[in-house]
Structures are given as structure tokens and as C-alpha cells.
Amino acid sequence: MTQGQTRAHKLDRRQFLRRSGAVAGSVVLLQIAISLEGCTSGSSSPDVLAETVASNAFLRLHADNSISFLSPAAEIGQGTSSTLAMIACDELGADWNKTRFELATGLPEYRNMLLGQPGQLYAGEQVTGGSTVTAGFFMPVRTAAAQMREMLTLAAAQKWQVNPAECSTADAAVKHVGSGRSIMFAAIAPAAAELPVPAKPALRDPAEWKLIGRPQKRLDIPSKVDGSAIFAVDVVRPGMLYAAIRHAPVVGSKPVRADEAKARARKGVKHVYLIDNFAAVVADSWWTANTALEEMDIQWSDAPNAQASTATELAKLKAALDGPGALPFEVKGDAAAAFAAAKTKVAQDYDVPHLAHATMEPMSVVAEFTADGLSIWTGAQGPTVQRRAAASAAGLPEEKVHLTVTYAGGGFGRRGDLDYVEQAVKIAQRAAVPIKLIWSREEDIQHDQYRPFTAIRAEAALDAKDNLSALRMRVAGRGPWSDQRPYLVQKGVDFMLIDALNTKTYPAANALFEVAPTTSAVRHGPWRGIAVPPNIFFLESLIDELAVAAKLDPIAMRRPWLAGDKRLLAVVNKAAKEAGWGAAREGHALGFACYTEERWLCRVATVVDTSLVDGKPKVDRIVVAVDHGFSVNPANVIAQIQGAALFALTAALKGEITIKDGQVEQSNFHDYPAIMLAEVPPVDVFLIAGDQIPGAAGEIGVPAIAPALTASIFALTGKRIRSLPVSKHFA
Amino acid sequence: MISFRLNGEPVSVDVDPEKPLLWAIRENAGLTGTKFGCGKGLCGACTVHVDGDAQRSCSVPVSEVEGKSVLTVEGLSNDRSHKLQQAWIEHAVPQCGYCQSGMLMAAAGFLATNTDPSDADIDAAITNICRCGTYHRIRAAIKAAATA
């Protein structure tokens, strides 16, 4: 964004063309050079940069021996830009105090490594989601850094006429052990650039790691204490105007007419548009635009969804649970026979409400048409998908669209959506000036792509030896892919509704899992963890009820079932020990939940401690034990799990979007509240280090909170909460 | 024309007197560290000081600060040396960072009135929202800054 950065990019383009050999993989060079120009914005230090003297897809080495790490992921608060920069810096042997990052797009190397392979969900796409960034890029970033290290080392060894195996790198210098000679990276970079890129560089022995695996401070923190970090909402372009919008209050409705003259009469208003399902005002101030919208009396078309309410939506879910047509997606053994022979069984219905994301930064995006295309600035979780959507909305070929990834003020799955990007493009195209679109908080809460309202009929059985003999679960709802990516819904089964409904945590020999798809009056999207938090709430609540029915301790009952998963057993025992399980304090009760996230190597156990204050449950402490494999930056992982616990606690305690006359009833933080400091309990996180590759971190702290909380409330009060949030049961 | 001091410098803005201070700071004065979060004074992302008092600038008409002195996060220091900024860095408080300008300004306003706060004092005074859940470190950083 600064002049310095622009200059650096131009220099870099020249460098790139000259030193193209340093690019990992084979790609069309010209395309790289174009896509890299102006591709970064969110950076940990916006200072003027020294010339780039070597670069590849993930790293730039500058003439002052500093490095820029090019992050393939959005920075939505999860800190992976710094985590990956640590990996790059350590593997290269650069100076951490002279390491910065930029948020990058435009290269095939940035595709999601765990979800973006051919045939996968996001084939070829750059997407920040599913807690996949550190796990997916651990090896590619090490490899890219090792390539650069080997080239620098070989160049220095050739200069000194020594064996490169006798050389090492540290503090941005190549050193020869025998002779004590040393040369800074930048000094040897020109010679290194003439060497071929090693296809399979040797990776550093983990014993040599100085950063990886040790707590480090995130590189973006300084810019976030002085207001200098640039989010999309902060981007300013020459001649830019501001846009505010109002969506049709009911899905399916459109603007018919509005008192446009009244809006235009307000000083500063430049344009009024009725487009698709929204009205927009463009003005010289966002406040002016938003105020004019309030005054212009927009008339909306009728829509069938105007009959919908939370009650009618719940009736749909219950009808789906009761009716025929459920689709089985996992069948094991003979569940019916196991239930018939059961010593203990429970059967209950549960449900979770719609939830909004409520990112602190409302949806924000800047769109600018230029002589040769379109530029977009936004905190993109899905830059390649969003760039394509912008191109489509503009009627331009994709290569004419430049998307710059800014910092994002929270994401939680929301910032991969297309709606706000397409809107900004359509407004900017009409206004013919750069436009900054900011959603009001009311638009953000009322026109989100919500976590689905979901219900389940759940049954579990114990045999005569108190083994879990059968699970039978039928989930009803409409998954996010049914709205956003219907081509991913196979034979009616939306994976993003059923994920985590399986026998991985508890290997029941007999199981029947079914899904009963429904329609919805509002749109659904991915929300931190997608289907895992609702489904772990259902499964773990059921298991807790089973323990109560069998008069067994909930943890003692589970332990024999977990014998085959030592990692899960270890976190269960750790959480129980640290929480003081079995030694409850007067007036307090503990609740427990755990789960296995097999794909991303995670095992999580959570204990919630509650007491009653004025007849209402108060959360006094949360203990979380986690094995997510190897923690590259343990300090950041702990921050993620603590933050996830509070995010999940907010949702479980008071998160609820309701519908009346087809419209979302909540509109801002007064009726869609977030947890505040006074309600925040201690959250004690215990990492059990695995020796595997890094696993997930951003989402894994969410799912076990709600079931552990409601189990605790049951132990405290005898009241079993089967329908979230907790607040509606203690009004 | 409405005139006030912004981070010590005199500024004059020719805007609707009802325009919230937040938008005058961001759009007219060009300082974007102060954030828009809710527009209703509920979340605190827009917190600034008006004559030393922490206020939610989305809900203060700019005409109300005529002749007054406004301090934003950019004015806390010019080199991140304010004791709260130092504590924020030391405790690695921010995650997404969007609420943190307002948090810092709320904390600075609070510490001006309470130099030796208890946890309960901090909990009662800081009612800004953070969706990332950085609250534990916010509490620790405020306590550290109080004794710095």
C-alpha cells in the first residue's frame, strides 16, 4: 500500500524475471510476475523494503538481509502468517528479528494443501479454512526455504572452494565451520541465483530448530497496537466513494421502488441503486450513505419465505425427523438388534439454533475499475474463488481482476463467501469510481450465511457389560453446501451437515447414521468448525445422558471404550486430572466432553466447572487438554484454543438467531450478544505434544465446550439442556 | 465548520454536525486506527478519548467535540511506547486485532481513573467486545501496565 511497497514490487518483478530459477515448481514466468505485482497488502511491517535479491513462491530475501514471508493464508486472527514465517525463517537460517510477512495471492503454490488437491473440495483453490494452514504448508514452506538455503550455501561453498556439507546457515549468513568464514545471505545471493533450484533439498534436522516448536510472538502484533494494520475497511483509493446497502429483509424478496429523491436530497449522496436483492446508496461518507438508506422507504417484493418463523423452521426439522426419506450414510452391524438387547438405552431429540458469525469487522471490500481491469481489496478467506466471483460479476475475464488480501477483522468462515464481493463490484461498475462497501452491523447480523438450525434424534445403548453397543442418529437440516456448493452434495447427503457423526470417537459395533435434508428460510454457510460443533454437542450430550441412565461416572464409563486410542485417552485423563474430576467443590459441578478429529490429527477433552449465581449457571473454569500433533508455535495454539473456548461459550450460553415473518429478529450486539470481560472464566489449556506433523488449531477448541457446559449444568441443577442456547432455559 | 484538536493537532471539518465523530476521524481526518464495529455504542471498537474521557465515537456527533481535544490510538504514542502498548506487545494480546485500538483506548481511559485495579475493577470497566477471545491477555496486560 505504501510507495515503498509498490517500488519493492516493481523491483521484485525485474528480479523475478531475471532470477526466475528460484521459483519452486514450473509455472509460466510472465504470469507469476504479473500476479505478484501488487498482490500483497496485509503485512506485518509496512516499512520501506530493501531491494529483493532472491525469491521464490514463499520467500523474498532483501538486500538488507531481511526476509519477507509470502503467506498463502488469510490473516483472520489465527496467526498462521507468523507460524509459517517461523518455519521459513528457521529452515532458511534467517534472522527472526528481520522477518516480516505479506498476505499473498496469485500462485498455484498457494492452493490449500489439504483441501485443494485435484478431486478435493477446493481443487486448485487458495482457501483459508478447516484449520488446514499450518498442517498443509509445513512441508512446502520448509522445502521452499531449504531450496533457498541450499542455493545460498552452495554458492558460498563454491566461492570459498570448500565442501558445502561443511557449511551451515544462521542469522542470515552462510558459515564455514572449518575456516570460520562467513558471508551474509544478500552478498552471496547474486551467485546463488545462477544455480539450479534443487528439486529435493535436504530439510534441516529438527534438533537444529531455534524457532519451530518454541513459543514466539506474532509478527503482526506491533501493527495491531498502534492502529497501523490495514483492514479492508481502512483501504483508501483516490477518488473513492462509500457505499452502504440494505438487503431485502426476506430471502427471495427484491427491492421494487424507493424514495430515491429523498435519499438524493441528503448532502453528499451521489448515487442510489436498486440491484438484485439489495438497495445501495453511494456517498462521500459511509455514514451519509447509511443514513440516506434509512430515510428512503424502500418497498420490497413479496416472497414465500415471509411466512417463515423459528417455529415453522423447527416444525420442518421435527417433520423430517419423524418422516420417511432419511438417507443412511453409515451403517454398521445391526443397530436394531443391539437396541433390543440393550441393558441401558437413551433416546432424545436435540437441536441447535441458527448462529451468525458477527466478525468484529463487518463485511468490507473495496472495488476499483481501472483502465485494464478490476482491483479488489478484502480480507479474503477464499481469494481465488472470490476473484472469480468478482470477474463474473464484472463480466471480465478472471486474469483482469487483481485481488489484494488485507487483514481481516475476524473470519470464522464468513470471509470466504461471495455476496459482499459481488455487491461491491456491481456498485463500483455503476458508479464508475472506486467504492468502499461496508455492511452495517445490522446488515451483518440479519443477512449472514448462518450456521444451520439443526435437530437430531439420537439414541445410544449399553450392553450387559456397559459397553457402548449401538448408536442410532438421524440429523435433520440443510447443510451449508446445499446453498453454497450444491455440486458437492452427493445423493442428497451434505457432508457439512453430517461431519463428526461417526464411530471414530466411540467404536460402537452397531450404528445407523442418517440425514434428513430440509429446506431453510435463510441461507447457510460455514461457521467455525461447520458441522462438528453441533454434532459433537449432540453425540457427547447423548453419551452423558447414557452415563446418567446407567448410573456410571461419565469419564469412567468412557475409558474402556477409548482403549484403542491412547492419544484420546491421554487427553481425557489429563483434562480430568487438571480439573479435579471426582473431587467436586461445594456448590460446583463439573461436566465433561471429548472428541476425535481424525482428519487433522486432533484429540480434545474439555471439563467445564459451573456454579449457580442468582439461580443461573455461571462458568467458573474451563480446562482443555489437546493433542493436535506437533505445535509449531505453542503460544499461538494456546491463544487459539482459549479464544475458541470463549467463542464457543458465547454461542452455547446466548447465541441464537431467530426468525419472524421471514426476517431475522436480531440486529446488533444488544440482542446478539458476545461474551465480555466480566463473564470470562479462566481457560486452562494443556497441550500434549504428539510427535506427528502439525495438526489443526483454529477450530478444535470449539466443539467440546457446549456439551461439557450442559453436562455441568445438569450435574449442578438436574436440568438437561437439549436445545441451545443455555440462556433461554434460565430466563 | 467544526474545529477540535486531534492527537494534539488542530483540525477543522466541514461536515454535517450530526456525523459521528468516528466517521469524521476516519474519513475526514484520515486516521483509520479507530474502527467501526456496531454503530450503536455497543462494542467499543471505536473508543477514543474526548478531553481525557473514553467515549464510543460512533455515538458522539462531531459537533459535540467542537473546541475539545480528541485522542485516538495513533496519538497514544508515536513509537508504541505507551505503557499499555508495551504491555499489549509483551502479553501478545491481539489476534485479528480489529477491536484492539478500542480496547487500548478504553484501558487507557480506565487506568487514568484507577491506577491499581483489581480483576473485578477491570472486568467492570472494560465492556468492549472481542470476538477472537483475547480477554485473558487483555486483563493481564492492563494489570501489567498499571504497575509499569
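Chain naming here is simple, since letters A, B, ... match the order of the sequence lines and numbering starts at 1 in each.
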**Q.** Option in B/Cys38, B/Cys58, B/Ala125, B/Ala92 with maximal non-hydrogen atom pairs under 4.5 Å from chain A
**A.** B/Cys38
Q: Just give me the residue among A/His357, A/Glu75, A/Glu679 that pairs up with chain B most often, heavy atom to heavy atom, under 4.5 Å.
A: A/His357
Q: Among A/Gly409, A/Gly227, A/Ser285, single out the residue with the greatest number of heavy-atom pairs under 4.5 Å to chain B.
A: A/Ser285
Q: Could you look at B/Trp23 and say if it's the side chain, the backbone, both or neither that has a heavy atom under 4.5 Å from chain A?
A: side chain
Q. Charged N to carboxylate O under 4.0 angstrom, A/Lys267 versus B/Asp16?
A. no
**Q.** Toward chain B, the part of A/Phe669 with a non-hydrogen atom under 4.5 Å
**A.** both
(Q) side chain to side chain donor-acceptor pair (under 3.5 Å), that's the test. Do A/Ser223 and A/Asp220 meet it? Break it down for me. (A) CA-CA 6 Å; A/Ser223 73; A/Asp220 51 348; over 6 Å; no
Q. From A/Arg528 CZ over to A/Gln78 CD, what is the distance, rounded to the nearest 0.5 angstrom?
A. 9.5 Å
Q | Among the listed options B/His82, B/Arg137, B/Arg139, the residue most often paired with chain A at heavy-atom distances under 4.5 Å | A | B/Arg139
Q: Check whether B/Leu104 gets within reach of chain A through its side chain, its backbone, both or neither, counting any heavy atom under 4.5 Å.
A: side chain
Q. Quick one: what part of B/Ile122 sits under 4.5 Å from any heavy atom of chain A, side chain, backbone, both or neither?
A. both
Q: Determine, for A/Lys436 against B/Glu27, whether the closest basic-nitrogen to carboxylate-oxygen distance falls under 4.0 angstrom.
A: no
Q | Proximal component of A/Ala358, with respect to chain B [non-hydrogen, under 4.5 Å] | A | both
Q: Give, as side chain, backbone, both or neither, the part of A/Glu442 having an atom under 4.5 angstrom from any heavy atom of chain B.
A: side chain
Q.
So which residue, A/Ala639, A/Gly79, A/Ala408, A/Ala674, ends up with the most heavy-atom pairs under 4.5 Å with chain B?
A. A/Ala639
Q.
Using a strict threshold of under 4.0 Å (side-chain N to carboxylate O), is an ion pair present between B/Lys68 and B/Asp51?
A. no
**Q.** Segment of A/Thr291 engaging chain B (4.5 angstrom heavy-atom cut-off)
**A.** neither
Q) Of all of B/Ser101, B/Cys130, B/Gly33, B/Gly97, which one pairs up most often with chain A through heavy atoms under 4.5 Å apart? A) B/Gly97
Q: Go through the atoms of A/Pro682 and report whether side chain, backbone, both or neither lie under 4.5 Å from a heavy atom of chain B.
A: backbone
Q. Considering only heavy atoms, which portion of A/Ile675 lies under 4.5 Å from any heavy atom of chain B: side chain, backbone, both, or neither?
A. both
Q | Gap between atom CD1 of A/Ile622 and atom CG of A/Leu646 - 0.5 Å precision | A | 6.5 Å
Q) Checking B/Lys19 against chain A: side chain, backbone, both or neither under 4.5 Å from a heavy atom? A) both
Q: Identify the residue among B/Gln85, B/Lys83, B/Gln86 that makes a side chain to side chain donor-acceptor pair (under 3.5 Å) with B/Ser77.
A: B/Gln85
Q.
Does either side chain, that of B/Thr134 or that of B/Gln100, offer a donor lying less than 3.5 Å from an acceptor on the other one?
A. yes
Q. By a 4.5 Å heavy-atom criterion (distance strictly below it), what part of A/Asp444 contacts chain B: side chain, backbone, both, or neither?
A. neither
**Q.** Reported OG1-to-CG distance for the pair B/Thr47 and B/Asn128, which is rounded to 0.5 angstrom
**A.** 4.5 Å
Q | Under 3.5 Å side-chain donor-acceptor pair for B/Ser57 and B/Arg26 | A | no
(Q) Quiz question: by atom type and distance under 3.5 Å, do the side chains of A/Glu699 and A/Ser131 form a donor-acceptor pair? (A) yes
